[in-house]
Protein chains: 2
Amino acid sequence: MDNITTKILEGDSLDVLKTLSDNSVDLIVTSPPYADNRKNTYGGHPPNKYNEWFLPISKELKRVLKPTGTFILNIKEKVTDGERNTYVLELIIKMREQGWLWTEEFIWHKKNSFPGKWPNRFRDSWERLLQFNKEKKFAMYQDAVKVEIGDWAKDRLNKLSETDKKRDNAKNGSGFGKNVSNWLGKETVYPTNVLHLATECNNKNHSAAFPNSLPEWFIKLFTKENDTVLDPFAGSGTTLFVAQSLRRNSIGIEIVSEYVEEIQKSLNEIEKNNIQTKINYAIA
Amino acid sequence: MDNITTKILEGDSLDVLKTLSDNSVDLIVTSPPYADNRKNTYGGHPPNKYNEWFLPISKELKRVLKPTGTFILNIKEKVTDGERNTYVLELIIKMREQGWLWTEEFIWHKKNSFPGKWPNRFRDSWERLLQFNKEKKFAMYQDAVKVEIGDWAKDRLNKLSETDKKRDNAKNGSGFGKNVSNWLGKETVYPTNVLHLATECNNKNHSAAFPNSLPEWFIKLFTKENDTVLDPFAGSGTTLFVAQSLRRNSIGIEIVSEYVEEIQKSLNEIEKNNIQTKINYAIA
DNA sequence: GTTCCGCATGAATCGATAG
DNA sequence: ACTATCGATTCATGCGGAA
């Protein structure tokens, strides 16, 4: 039952990526360290040098991604000197020059961004989720992420009269009546490109963790079971754990050995539990 | 009581703008025709020529805007050949080269986005609201747009421990503890940079590009009474009517004479009612 | 007077068909 | 091969007429 592998590799992303095979990954989901002048855990990549640092990495990512694969990049430009810095815009343009297709920009609306006050701006409660592809045709499993239908329809459908339910419209071209009856029993609709997810307040050390539901959504949308997911900036390992629980293979890369150790420890725990489960099955 | 003027000027935006004085406008809110949209009425500007058309206009806008003024540009790039086109990104970069500061990007989340289903993308339910300024210090009246506090925050506050309430944070830069205690007992809170507004779908001839509440929000946020608001692509006149009702002077520019006439007609109606009101007051 | 329901209408995008 | 036009798809909203 268990062919899924979950790997965490320690090292600089660019170096480690070079050891991975061409066209071997179905989905890349990552949230790279944000541009920052401070030299902290990640050494800091100032805004004006950010792309210089990131573009060689995105080139390797393009190599390891399958032609039908997708790259989701969670990023938001910083405010520098009172302005939104343009390095993310420039990154998109440069990545297209590398051969990436900029297919879509999803918005992650962070519902619980904490209140604060600045004289000339409001709380920043959204981030970009940039979708890049190698080819126009890529794998996408839309049914895996359908959402509950809006309240308007629930009300409407619950109250539909018998005649409405039976009506086979032939009146005019609008097709509405027909559709309404088609919608009976319909509970879900396709989502949009705006994601409403709360940030999780983890007690963990890692700062830039995104909530489980974020990689979960993209893993369901762009991969199927036994596919391979890559997170070149694994951080606290969210992407890996979600991938594993959804039965996708995954590879994480992380430069900070402390994080690598924590991830490895959690993976060992899970492995132990799995073995225990198997033994229990065998006994039973 | 009535010094507010509301003007609609007919003609090409670039030409008409040249007749306006330097540093005379407090706020520009506009939604120019998007690339290739509204070909029938506006002639259509193909994506690869869009900035060539728009940049001379933004240059004039910069001239007429006061140093403390703000320019809000509602725009969203279209999909061409399966990709998000980059002309809006390039526009931001080029406008900075013109001397604009790209202060902020608000997100307009449209709940009722256009329906449809495609194999490779979901419905597009957001648009960019780009904020540009001439100077780092600009007029902003944040208190005018405070919103009711969200339930999540209410819960959070109710559950706060006494230590949390007293805590004077110094740990990290988040300001969490400090702000929380400031907050207790308040009913309203400053909004974020994500706006949730549905488009208004009227049965009328020209549906407005944006709902009243959109210019209303920005007019309250960036102007005070008797200030001057400019919309160089007035369309159905939403910005003008909202500005008038909020007692701001306003100037609209519109190239389609049919729209200009309708706006003028509405303005005349309002004027007539005002006079009627005054007479009634006089009698009473 | 309420509430309820029918309906038109979207800053859309893709793929097929036609010149 | 490259462009132009057209049909199919889909769902939230407000208005107006009806119960």
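On a predicted model such as this, the values are computed, not experimentally measured, just so you know. Side-chain atoms are counted along with the backbone in the values below, which use heavy atoms only and exclude waters and symmetry mates. Chain A is the first sequence line, chain B the second, and so forth, proteins listed ahead of strands; every chain is numbered from 1.
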| B/Arg128 side chain near A/Glu105 side chain, heavy-atom distance below 4.5 Å | yes
| request: Quickly work out the A/Gln131 CD to C/dT13 P distance and round it to whole Å. | output: 14 Å
| query | Within the structure shown, what part of the strands sits under 4.0 Å from B/Phe210 by heavy-atom distance: base, sugar-phosphate, or nothing? | reply | nothing
| request: Answer yes or no: is there an ion pair linking B/Glu60 with B/Arg63, defined by an N-O contact shorter than 4.0 Å? | output: yes
| said: Taking donor-acceptor contacts at under 3.5 Å, does the side chain of B/Ser31 reach the base of C/dA11? | reply: yes
| request: For B/Trp118 and D/dG7, give me the distance from atom CH2 to atom P, rounded to whole Å. | output: 18 Å
| message | What is the distance, to the nearest angstrom, from the CE atom on A/Met140 to the P atom on C/dC14? | response | 11 Å
| query | Got a minute to check which stems DNA chain C is part of, using Watson-Crick or G-U wobble pairs under 3.5 Å, three or more consecutive? | reply | C:2-10 with D:11-19, C:12-19 with D:2-9
| message | Could you tell me if B/Asn133 and B/Thr103 have a donor-acceptor pair between their side chains, going purely by distance under 3.5 Å? | response | yes
| request: Kindly point out which of D/dT10, C/dA12, D/dC11 is positioned nearest to the side chain of B/Lys117? | output: D/dT10
| B/Arg121 side chain near C/dC14 phosphate (N/O to OP1/OP2, under 4.0 Å) | yes
| message | Side chain of A/Ile149, heavy atoms from C-beta onward: which of C/dA11, D/dA12, C/dT13 has the nearest atom to it? | response | D/dA12
| Proximity to the side chain of B/Val79 - top-ranked nucleotide from C/dC14, C/dG10, D/dT13 | C/dC14
| query | Given atom CG of B/Leu130 and atom P of C/dA11, what is their separation to the nearest angstrom? | reply | 19 Å
| Among the nucleotides D/dT13, D/dT10, D/dC11, which one has an atom lying closest to any side-chain atom of B/Asn112? | D/dT13
| said: How many whole angstroms separate atom OH of A/Tyr190 from atom C1' of C/dT13? | reply: 16 Å
| In whole Å, what is the span from the CG atom of B/Leu197 to the C1' atom of D/dT13? | 13 Å
| Candidate nucleotides C/dT13, C/dA11, C/dG15, ranked by approach to the side chain of B/Glu127 - the nearest | C/dA11
| query | Which word best sums up how the rings of B/Tyr190 and A/Phe122 line up, parallel for under 30°, tilted for 30 to 60°, or perpendicular for over 60°? | reply | parallel
| message | For C/dC14 and B/Asn120 - does any side-chain N or O of the residue sit under 4.0 Å from the phosphate oxygens OP1/OP2? | response | yes
| request: Provide, to the nearest angstrom, the distance between the CG atom belonging to B/Asp81 and the P atom belonging to D/dA4. | output: 14 Å
| Audit row: B/Thr223, B/Leu246, side chain to side chain contact (heavy atoms under 4.5 Å, CB included) steps and yes/no | CA-CA 10 Å; B/Thr223 68; B/Leu246 294 172; over 6 Å; no
| task | List the steps and the verdict of ring pair (Phe, Tyr, Trp, His ring centres under 6.0 Å) for B/Trp217 and B/Phe210. | result | CA-CA 12 Å; B/Trp217 199 80; B/Phe210 42 48; over 10 Å; no
| request: Give a yes/no on whether any side-chain N or O of B/Arg84 is located under 4.0 angstrom from OP1 or OP2 of C/dT13. | output: yes
| query | From the list D/dT10, C/dA11, C/dC14, which nucleotide is the closest neighbour of the side chain of B/Pro115? | reply | D/dT10
| field | B/Lys111 side-chain N/O to D/dT13 phosphate OP1/OP2 under 4.0 Å | value | yes
| request: Assign each of B/Pro119 and B/Phe114 to its nearest nucleotide of DNA chain C by heavy atoms, then name whichever residue's nucleotide is nearer the 5' end. | output: B/Phe114
| Residue pair B/Ile72 / B/Phe222, side-chain heavy-atom distance below 4.5 Å | yes
| request: Would you mind telling me which of B/Thr192, B/Val194, B/Asn193 makes a side-chain contact (heavy atoms from CB on, under 4.5 Å) with A/Arg123? | output: B/Thr192
| Aromatic ring pairing B/His45/B/Trp53, orientation class (parallel under 30°, perpendicular over 60°, tilted between) | parallel
| message | Is C/dA11 syn or anti, taking syn as a glycosidic angle within 90° of 0? | response | syn
| What's the CG-C1' distance between A/Asn193 and D/dT10, to the nearest Å? | 15 Å
| query | From the list C/dG15, D/dT13, D/dC11, which nucleotide is the closest neighbour of the side chain of A/Lys137? | reply | C/dG15
| Touch class at under 4.0 angstrom, heavy-atom based, for B/Pro46 against every strand present | nothing
